[in-house]
Amino acid sequence: MTDWPGDVAQLLDTLGIERTAVLSLSGGAAYALACAHAMPDRVTAVGVLGGAPPPDVPWAWSDVLPGRLSPAVRAAVHRPSRATTALLRPVFAPLTVRPALLPRYLQVRLNPADRRVLGRPAVRRAMAATFTEGLRQGAGPLAEDRALLFRPWGFPLAEVTQHVHVWHGTQDWQVPVGLGRVLAAMLPRCTAHWYAGEGHFLVFDHAREVYGALAPGVGSRAP
């Protein structure tokens, strides 16, 4: 996790961007907060949509792992080993067959609020393109990403000094709102936004509010 900010710093340098905000969805919270921790002079603010706290605090991490995983695999996700990724790769392999169909799969299994959002053709097209690109290199990168998220992140959240906005729907079935509340409580400077009756993909209905909260200082270029 702590390697990620170096890649982001190189990207910002290449684009000529000196300071920016970072916005994350779901498991991206770990990466966004890692950037804030590693680059306090460049990251102006952080947005977290439907995020969870690190696994080394007492939250029910096992409840958000696929139910069909064996006890050995469930235990392995906490061990920083290449074997963890190898164990998880077959679990995610079916997702790579037709990734463009994943939005329709999510629409069936998620809560009514998310089904409503994913029922929009424009949203499904955007999600299909995202999943297709994200899974273009197979199940290995996804398995590694999932394994990383269930290990300690490598930095204390108490040292994130930027203002963090947390947005979370109370009907989020992907990342239950209780996890969002734990994350918000761990951050020294946090404004939490709880959306009654909304789900994991609330950003499609509240993009203006989200970007507006992060807008000051966003995208300022180096002189």
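Residues: numbered from 1 along the sequence shown.
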(message) One pair to check against side-chain contact (heavy atoms from CB on, under 4.5 Å): Thr20 and Thr44. What are the steps and the verdict?
(response) CA-CA 6 Å; Thr20 188; Thr44 58; 5.7 Å; no
(request) For the residue pair Phe201 and Phe204, categorise the inter-ring angle as parallel (less than 30°), tilted (30 to 60°) or perpendicular (more than 60°). (result) tilted
(message) Is the ring pair His168/Trp194 parallel, tilted or perpendicular, if the boundaries are 30 and 60 degrees?
(response) tilted
State, yes or no, whether a side-chain contact exists between [X] and [Y] at a heavy-atom distance under 4.5 Å.
X      : Y      : result
Ser26  : His200 : yes
Asp41  : Arg19  : no
Trp167 : His206 : no

(message) Whether the side chain of Thr191 engages the backbone of His165 through a donor-acceptor N/O pair (distance < 3.5 Å, no angle test) should be reported.
(response) no
(message) Closer than 3.5 angstrom, by distance alone: can the side chain of Ser24 be matched with the main-chain N or O of Gly47 as a donor-acceptor pair?
(response) yes
(message) I need the single residue from Leu157, Val160, Leu33 that forms a side-chain contact (heavy atoms from CB on, under 4.5 Å) with Met186. Which is it?
(response) Leu157
(message) Just to verify, which of Val164, Val48, Thr161, Val46 counts as forming a side-chain contact (heavy atoms from CB on, under 4.5 Å) with Leu187?
(response) Val164
Write down the atom of [X], the atom of [Y], and the distance for their closest heavy-atom approach.
X      : Y      : answer
Leu214 : Ala45  : CD2-CB, 4.1 Å
Gly197 : Ala113 : O-CB, 3.3 Å
Trp153 : Ala52  : CH2-O, 3.3 Å

(request) Mind jotting down which residue pairs meet the salt bridge (Lys or Arg N to Asp or Glu O under 4.0 Å) criterion with at least one end in residues 172-198? Sequence neighbours excluded, please. (result) none
Please list, one pair per line, the donor and acceptor atoms closer than 3.5 Å that link side chains of residues 132-142 to other protein atoms, with sequence neighbours excluded.
residue: Thr132; atom: OG1; partner: Ala128; partner atom: O; Å: 2.7
residue: Glu133; atom: OE1; partner: Arg136; partner atom: NE; Å: 3.1
residue: Glu133; atom: OE2; partner: Arg136; partner atom: NE; Å: 3.3
residue: Glu133; atom: OE2; partner: Arg136; partner atom: NH2; Å: 2.9

Which donor-acceptor pairs under 3.5 Å do the side chains of residues 1-16 make with protein atoms, sequence neighbours left out?
residue: Asp13; atom: OD1; partner: Arg42; partner atom: NH1; Å: 2.9
residue: Asp13; atom: OD1; partner: Arg42; partner atom: NH2; Å: 3.1
residue: Thr14; atom: OG1; partner: Gln10; partner atom: O; Å: 2.9

(request) Supply the atom-to-atom distance Leu25 CG to Gln174 CD, rounded to the nearest 0.5 angstrom. (result) 9.5 Å
(message) Please determine whether side-chain contact (heavy atoms from CB on, under 4.5 Å) holds for the pair Leu118 and Met127, giving the CA-CA distance in whole Å, both sets of side-chain angles, and the decisive distance to 0.1 Å.
(response) CA-CA 9 Å; Leu118 293 173; Met127 296 282 285; 4.1 Å; yes
